[in-house]
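Scroll down for the structure; my scribbles are underneath it.
Quick caveat, the model's predicted, so the values are computed rather than measured. One is the number of the first residue; the rest follow in order along the sequence.
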Amino acid sequence: MSTVQLSNVSVDKGEGGLVTLNIEVAPETVRAARQRALKAWSKRLRVPGFRPGHIPPNIVLRQVGEESLAQSVSDDLVPKIYQEALQQTELVPLERATVDELPFDAFEGDKPLNLIAHVIVRPEIDLGNLEGLELSRPAIEIGDEDVNTGLESLRNERAQLKDIEGRGAQNGDVLSAELQVYIDGQARSDEPAPLRAFILGESGFTPNIDEHLLDARLDEERRFTLTYPDDFQDEELAGKEAEFAVKITALKERLLPELNDEFAQAAGAENIDGLRQQMKQFLQARKEREANEAMRTELVQKVVEGATLEVPGELVGRRAHNRFHAFEHELQHRESTLDDYLTETNQSREEFEASLAEEIAGELKQELVLDEIAQKQNVEVT
């Protein structure tokens, strides 16, 4: 039997999934909670002439004060009231509720206690027809070319680097360099920027500087002119011609191990044929995992698309707000700012916030639909 007695509970539905619970609590429930609080305080207080737990209520009240007693009653009673109201209304909260502040004299127990709680609740969900959904799964075939590519990647992972002497840089060599960019003869920074080590011919830099560094030697500086693409992420540079000054600070060649039995044994196989078989099995298992994951993703997408529900806009807004500020903090750790990020991604703050809200709305819809399926199928996590 519930320890709280509610005289009345009414539900006012607002927008975005937010509802307001207007709860009236019977005075006898408040009085009982008040007596429990007085008894608890009586056990904690030390009053000369009285044993703990046997201090008269009027002396307890004089010692702790009406406001502290009301706080104790509130801490005990309000969660129970809220839970009882949820049970009676059969509402399922998605977030912690907020309760309007009450004056401490509301807990005196002489009159009904009126409590107002605001909470985002789970919407009604129509899963639609889950029968007969069709999924596609690609055929998985691992050929000799796939195995060769895998073994070549393995060789590259185990490559050793050796300083180059007597020749200039060639495609496939590993370079480190310092870069300075000049626009209209003016340097973009006070000091050249160190470039991370990169493989010549595979650097991915924009504009492509690789071809201008062929045959460059250690400590040599190359100067050349290139034009940034019109859609370059830094608008100050987009479409502009610039002079590049690149100084080679390290020049190394990659020494790839021979693909032989010795290499295979170092990789954990008996011989090269065994290594090829292991690589084929590894690639097969990876493709199987990818295919299964793709099927799961496709299945969830089909189920979510077939479901009908109103995603709580209020919850989307709250989660978007939290994620937005978390992202700002992450940028600070990277020594960057939101303005820098917006410039790099060529979007406004409003566009970023809108895309964030859309992303969270999709996540929340999927979360709610999968939870509904779990309840309907009586899925329990062991």
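Between the side chains of N171 and E202, not a single donor N or O lies within less than 3.5 Å of an accepting N or O. A donor atom on one side chain and an acceptor atom on the other are not found under 3.5 Å apart for N22 and N114. Side-chain polar atoms of T98 and H118 form no donor-acceptor pair below 3.5 angstrom. A donor and an acceptor atom, one from each side chain of Q284 and E288, are located under 3.5 Å apart. Donor-acceptor pairing under 3.5 Å is recorded for the side chains of E84 and Q88. No side-chain N or O of Q265 forms a donor-acceptor pair with one of D261 less than 3.5 Å apart.
Remark: L342 CG to D340 CG distance equals 9.0 Å, nearest 0.5 Å. Separating the NZ atom in K280 from the CG atom in L275 is a distance of 14.0 Å, to the nearest 0.5 Å. For the atom pair CZ (F244) and OG1 (T225), the distance works out to 9.0 Å, reported to the nearest 0.5 Å. Put simply, CD1 on I272 and CD on Q277 are 12.5 Å apart, with the number rounded to the nearest 0.5 Å. The structure places CZ of F107 at 4.0 Å from OG of S74, a figure rounded to the nearest 0.5 Å. Atom CZ of residue R51 and atom NE2 of residue H54 lie 4.0 Å apart, to the nearest 0.5 angstrom.
Judged purely by atom type and a 3.5 angstrom limit, S153 uses its side chain to pair as donor or acceptor with the backbone of T149. Listed for the N8 side chain is no donor-acceptor partner under 3.5 Å among the backbone atoms of I23. Under a 3.5 Å cut-off, the side chain of D146 and the backbone N or O of G143 do form a donor-acceptor pair. In this structure a side-chain-to-backbone donor-acceptor pair under 3.5 Å is missing from T29 to V25. N208 contributes a side-chain N or O that, together with a main-chain N or O of D210, makes up a donor-acceptor pair within less than 3.5 Å.
A salt bridge is absent between R155 and E258: the closest approach of a Lys/Arg side-chain nitrogen to an acidic carboxylate oxygen does not fall below 4.0 angstrom. Residues E359 and R323 are paired through a salt bridge, judged by an N-O separation under 4.0 Å between the basic side chain and the carboxylate. A salt bridge links E367 with R319: the distance from a Lys NZ or Arg NE/NH1/NH2 to an Asp or Glu carboxylate oxygen falls below 4.0 Å. At a threshold of 4.0 Å, the pair E363-K365 does not count as salt-bridged, since none of the basic side-chain nitrogens sits closer than that to a carboxylate oxygen. A salt bridge links E314 with R318: the distance from a Lys NZ or Arg NE/NH1/NH2 to an Asp or Glu carboxylate oxygen falls below 4.0 Å. With salt bridges taken as basic N to acidic carboxylate O contacts below 4.0 Å, none links K247 and E220. Between R349 and E353, at least one side-chain N (NZ, or NE/NH1/NH2) sits under 4.0 Å from a carboxylate O, which counts as a salt bridge.
More than 12 heavy-atom neighbours from other residues, nucleotides or ligands sit within 6.0 angstrom of CD on Q347. Other residues, nucleotides and ligands place more than 12 heavy atoms under 6.0 Å from the CG atom of D100. The local environment of CD in E270 is sparse, with at most 12 non-hydrogen atoms from other residues, nucleotides or ligands closer than 6.0 Å. The environment of NZ in K287 is sparse: at most 12 heavy-atom neighbours from other residues, nucleotides or ligands sit within 6.0 Å. The 12-atom threshold is exceeded at CD of E328, counting heavy atoms of other residues, nucleotides or ligands nearer than 6.0 Å. Residue N58 qualifies as enclosed at atom CG: its count of foreign heavy atoms under 6.0 Å is above 12.
The cluster map of Ile, Leu, Val, Met, Phe, Trp and Tyr, joined by side-chain heavy atoms under 4.5 Å apart, puts V73 and I116 in different clusters. When the side chains of ILVMFWY residues are joined at heavy-atom separations under 4.5 Å, either directly or via intervening members, V121 and V311 end up in two distinct hydrophobic clusters. Neither F205 nor I199 shares a network with the other; the hydrophobic side chains, linked directly or stepwise wherever heavy atoms of I, L, V, M, F, W or Y lie under 4.5 Å apart, form separate groups for each. V246 and L237 end up in the same hydrophobic cluster when Ile, Leu, Val, Met, Phe, Trp and Tyr side chains are linked at under 4.5 Å. A single hydrophobic cluster is not seen to contain both L18 and V9; linkage of ILVMFWY side chains at heavy-atom distances under 4.5 Å, directly or through other members, places them apart.
H333 has its ring centre no less than 6.0 Å from the ring centre of H329. Residues Y182 and F224 place their aromatic rings such that the two centres sit no closer than 6.0 Å.
Looking only at side-chain heavy atoms (C-beta outward), S189 and Q180 come within less than 4.5 Å of each other. Using a 4.5 Å heavy-atom threshold, the side chains of R222 and I209 count as separate. At a threshold of 4.5 Å between non-hydrogen side-chain atoms, the residues L69 and W41 count as touching. Considering only heavy atoms from C-beta on, T337 stays 4.5 Å or farther from L331 through its side chain. In this structure, E241 and L226 have side chains that are not in contact, with every pair of non-hydrogen atoms separated by 4.5 Å or more. Side chains of E372 and L368 form no contact here, defined as non-hydrogen atoms less than 4.5 Å apart. In this structure, P123 and P312 have side chains that are in contact, with non-hydrogen atoms separated by less than 4.5 Å. Looking at heavy atoms from C-beta onward, L6 lies out of side-chain contact with E24 at the 4.5 angstrom threshold.
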Self-check item: Verdict with reasoning, Q301 to E305, per side chain to side chain donor-acceptor pair (under 3.5 Å)
Solution: CA-CA 6 Å; Q301 184 178 352; E305 288 175 351; 3.1 Å; yes
Exercise. Show your reasoning for whether side chain to side chain contact (heavy atoms under 4.5 Å, CB included) applies to Y82 and V99.
Key: CA-CA 9 Å; Y82 173 62; V99 178; 5.8 Å; no
Self-check item: Worked verdict on T89 versus L21 for side chain to side chain contact (heavy atoms under 4.5 Å, CB included)
Solution: CA-CA 9 Å; T89 56; L21 293 171; 4.3 Å; yes
Exercise. Before giving the answer on side chain to side chain contact (heavy atoms under 4.5 Å, CB included), spell out for L161 and E253 the whole-Å C-alpha distance, their side-chain angles and the decisive distance to 0.1 Å.
Key: CA-CA 6 Å; L161 297 180; E253 64 177 324; over 6 Å; no
Practice problem: In sequence, state the C-alpha distance, the side-chain angles, and the governing distance for D173 and R167, and then conclude on salt bridge (charged side-chain N to carboxylate O under 4.0 Å, His left out). | Solution: CA-CA 11 Å; D173 291 338; R167 71 168 176 84; 2.8 Å; yes
Quiz prompt | side chain to side chain contact (heavy atoms under 4.5 Å, CB included) evaluation trace for L213 with F198 | solution = CA-CA 12 Å; L213 301 179; F198 61 94; 4.0 Å; yes
Quiz item: Would Q375 and D371 count as a side chain to side chain donor-acceptor pair (under 3.5 Å) if you check the C-alpha gap in whole Å, the side-chain angles of each, and the deciding distance to 0.1 Å?
Solution: CA-CA 6 Å; Q375 291 190 34; D371 181 64; 3.0 Å; yes
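Considering R217, R254, K252 as possible partners of D163, the one that fulfils the salt bridge (Lys or Arg N to Asp or Glu O under 4.0 Å) test is K252. Partner of L256 under the side chain to side chain contact (heavy atoms under 4.5 Å, CB included) criterion, chosen from R158, E152, E157: E152.
Using bins of under 30°, 30° to 60° and over 60° for the plane-to-plane angle, the ring pair F352/F324 lands in the tilted bin. Note: Y228 and F232 have tilted aromatic rings, judged against thresholds of 30 and 60 degrees for the angle between ring planes.
Residue pairs meeting the salt bridge (Lys or Arg N to Asp or Glu O under 4.0 Å) criterion with at least one partner in residues 32-44, sequence neighbours excluded, are R34-E66, R36-D76.
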